[in-house]
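Shown next, in structure tokens, is the structure this report addresses.
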Amino acid sequence: MAIFRTQGIVLRSIEYGEADLIITFFTFEKGRLKGLAKGCRRTKSRFGSSFEPFTHTRLGLYGRENTSLFRVTQSDIIHSFHRLRDDMVNLGYASYMSDLIDESSPECEPNHELFTLFIQSLRFIESGEEPDTISKIFQIKLLNLLGYRPEITRCNYCGSSINNSPVNFYPSHGGAICDRCRSEIDGSCFIIGNGTTNFFHKAIEIEVNKINRLKLTPQIKMELNSALLSYFSYILGRRPRSYSVLEQLERRDGCIA
């Protein structure tokens with residue numbers, strides 16, 4: 001048993017017992033993990049408000065190296081991101097990003113690039129950047145960092161290059177299917193144009209601290225939204241927890257037909 005210290009971001013929490021919380025963090029040192037905070041729901045808890053969603057905190061954790069539940073011994077807030085929770089639109093997009101990390105990232109496997117991406121994305125949304133744009137770039141980069149990047153330049157059935165636009169995007173087949181092979185394929189198909197495929201490649205290549213420089217047209221937003229929502233649902237085997245919330249936000253902004 002040992003204590004180690006790391007930075008973490010609160011993904012979600014559930015009540016446990018009369019006064020405890022089990023919190024899921026995404027940490028710099030160990031990736032996604034769970035911690036038990038004893039007595040933190042009491043009024044005079046030393047933890048204060050450090051377990052609110054998206055809070056960036058400096059943690060002290062106690063437990064064995066391979067444990068599935070650490071004991072939280074310390075939590076000092078680095079940045080609360082409270083402005084994200086005060087705005088329903090920002091809250092919706094931030095919650096969706098948080099849920100995607102919680103549901104798709106492996107437990108106790110560090111991913112420093114993903115940690116940096118998550119922090120920077122939350123900062124951009126809090127500072128007033130368009131949350132739907134930042135969210136879509138985050139989703140594309142998340143797929144790439146976790147090894148789920150869809151193939152959109154070659155046919156996933158026959159392997160031939162796809163140089164024409166638009167692209168037939170099949171979530172259940174890992175991305176693009178050429179026109180010649182479409183008759184052999186079952187499943188939902190989304191048509192994405194050249195502007196969307198170009199944006200996809202730029203989103204992967206751009207540095208994390210510059211993602212706010214990319215802009216989306218309404219057409220690209222609509223195409224990306226449909227394709228990404230369906231692709232994550234396929235990867236997870238079900239719709240992400242915040243799918244319905246994000247869907248409502250996208251309908252409001254006219255990104256879903």
Side-chain angles (χ1 to χ4, degrees), residues 89-90 92-94 96-97 100 104 113-114 117-118 120-121 124-125 127-182 185 187-235 239-240 242-243 245-257:
V89 174
N90 290 344
Y93 283 103
Y96 189 71
M97 294 191 301
L100 288 181
S104 63
E113 290 181 88
L114 180 52
L117 170 65
F118 191 29
Q120 188 63 71
S121 298
F124 276 135
I125 293 176
S127 69
E129 300 290 345
E130 286 199 13
D132 55 348
T133 301
I134 298 300
S135 170
K136 286 180 176 60
I137 298 169
F138 170 86
Q139 291 174 61
I140 293 169
K141 283 188 169 294
L142 174 65
L143 289 170
N144 187 53
L145 290 172
L146 295 181
Y148 296 124
R149 175 181 175 177
E151 174 58 70
I152 57 176
T153 59
R154 304 184 72 85
C155 176
N156 283 269
Y157 192 75
C158 70
S160 61
S161 296
I162 297 178
N163 299 315
N164 61 309
S165 182
V167 169
N168 310 311
F169 185 88
Y170 283 79
S172 60
H173 292 274
I177 298 294
C178 69
D179 290 335
R180 186 173 61 253
C181 294
R182 284 193 68 181
I185 298 298
S188 299
C189 175
F190 300 90
I191 307 301
I192 56 176
N194 190 56
T196 300
T197 57
N198 287 341
F199 183 90
F200 190 94
H201 293 307
K202 289 178 182 178
I204 289 175
E205 295 168 0
I206 196 168
E207 297 176 21
V208 171
N209 63 344
K210 298 177 181 177
I211 61 175
N212 63 323
R213 298 183 182 182
L214 294 181
K215 305 302 178 183
L216 286 172
T217 66
Q219 181 66 26
I220 294 175
K221 285 183 181 182
M222 183 174 65
E223 292 177 359
L224 274 179
N225 183 68
S226 299
L228 288 171
L229 284 175
S230 296
Y231 192 58
F232 273 108
S233 296
Y234 170 71
I235 290 171
R239 290 185 170 189
S242 299
Y243 184 104
V245 175
L246 186 66
E247 197 171 38
Q248 290 175 12
L249 290 172
E250 298 291 353
R251 286 188 186 280
R252 185 209 64 171
D253 292 338
C255 292
I256 297 180

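- A 4.5 Å side-chain heavy-atom check between Ser188 and Tyr170 finds every atom pair outside the cut-off.
- Residues Cys155 and Ile162 come closest through the heavy atom pair N-CD1, 3.6 Å.
- Crowding of Glu113 atom CD: a count of heavy atoms from other residues, nucleotides or ligands under 6.0 Å not exceeding 12.
- In this structure, the side chains of Cys189 and Arg182 come closer than 4.5 Å at one or more pairs of heavy atoms.
- Inter-residue side-chain proximity for Phe138 and Phe118 is flagged as met; some heavy-atom pair is nearer than 4.5 Å.
- Ion pair Glu129/Arg213 not flagged as a salt bridge, since none of the NZ, NE, NH1 or NH2 atoms sits closer than 4.0 Å to an Asp/Glu carboxylate oxygen.
- Annotation: side chain of Pro150 is in contact with side chain of Tyr231 (closest heavy-atom distance under 4.5 Å).
- Looking at Ile211 and Thr133, their side chains never come closer than 4.5 Å, going by heavy atoms from C-beta outward.
- Side-chain contact check for Arg154 and Ser161: at least one donor-acceptor pair (N or O, by modelled atom type) lies under 3.5 Å.
- Considering every non-hydrogen atom in both Ser233 and Leu229, the closest pair reads OG-O, 2.9 Å.
- Side-chain contact between Thr197 and Ile192: present, with at least one pair of heavy atoms (C-beta onward) separated by less than 4.5 Å.
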### Query
Yes or no on side chain to side chain contact (heavy atoms under 4.5 Å, CB included) for Thr153 and His201, after CA distance, side-chain angles and deciding distance?
CA-CA 10 Å; Thr153 59; His201 293 307; 3.7 Å; yes
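- Atoms CG and CG, from Asn225 and Leu216 in turn, are 10.5 Å apart once rounded to the nearest 0.5 Å.
- Nearest heavy atom pair, residue Ile137 against residue Phe199, reads CG1-CZ, 3.7 Å.
- One distance of note links NZ of Lys221 with OG of Ser135; it measures 11.0 Å at 0.5 Å rounding.
- At distances below 3.5 Å, at least one donor-acceptor pair connects side-chain atoms of Asn156 with backbone N or O atoms of Ala176.
- Residue Cys158 comes nearest to Arg180 through the heavy atom pair SG-NH2, 3.7 Å, listed as atom of the first residue, atom of the second, then distance.
- A donor-acceptor pair under 3.5 Å is absent between the side-chain atoms of Ser230 and the main chain of Ala227, judged by distance alone.
- Rounded to the nearest 0.5 angstrom, Ile204 CD1 and Arg149 CZ are separated by 3.5 Å.
- Here the straight-line distance linking atom CD1 of Ile220 with atom OG1 of Thr196 works out to 5.0 Å at 0.5 Å rounding.
- A donor-acceptor pair is defined here as one N or O able to donate and one able to accept, closer than 3.5 Å; such a pair exists between the side chain of Lys141 and the backbone of Ile206.
- Between the Asn168 side chain and the Ile177 main chain, a donor and an acceptor come within less than 3.5 Å of each other.
- No side-chain heavy atom of Tyr93 sits under 4.5 Å from any side-chain heavy atom of Ile134.
- Here the straight-line distance linking atom CZ of Phe200 with atom CG of Leu224 works out to 8.0 Å at 0.5 Å rounding.
- Ring geometry for Tyr96 against Phe232 counts as perpendicular: the plane angle is over 60°, on a 0 to 90° scale with 30° as the lower cut.
- Between atom CD of residue Glu205 and atom CG of residue Leu214 there is a gap of 10.0 Å, rounded to the nearest 0.5 Å.
- Taking every heavy atom of both residues into account, Leu228 and Lys136 meet most closely at CD1-O, 4.2 Å.
- Between Ile191 and Glu223 the shortest side-chain heavy-atom distance does not fall below 4.5 Å.
- A pairwise comparison of heavy atoms in Leu142 and Leu117 identifies N-CD2, 4.1 Å as the closest pair.
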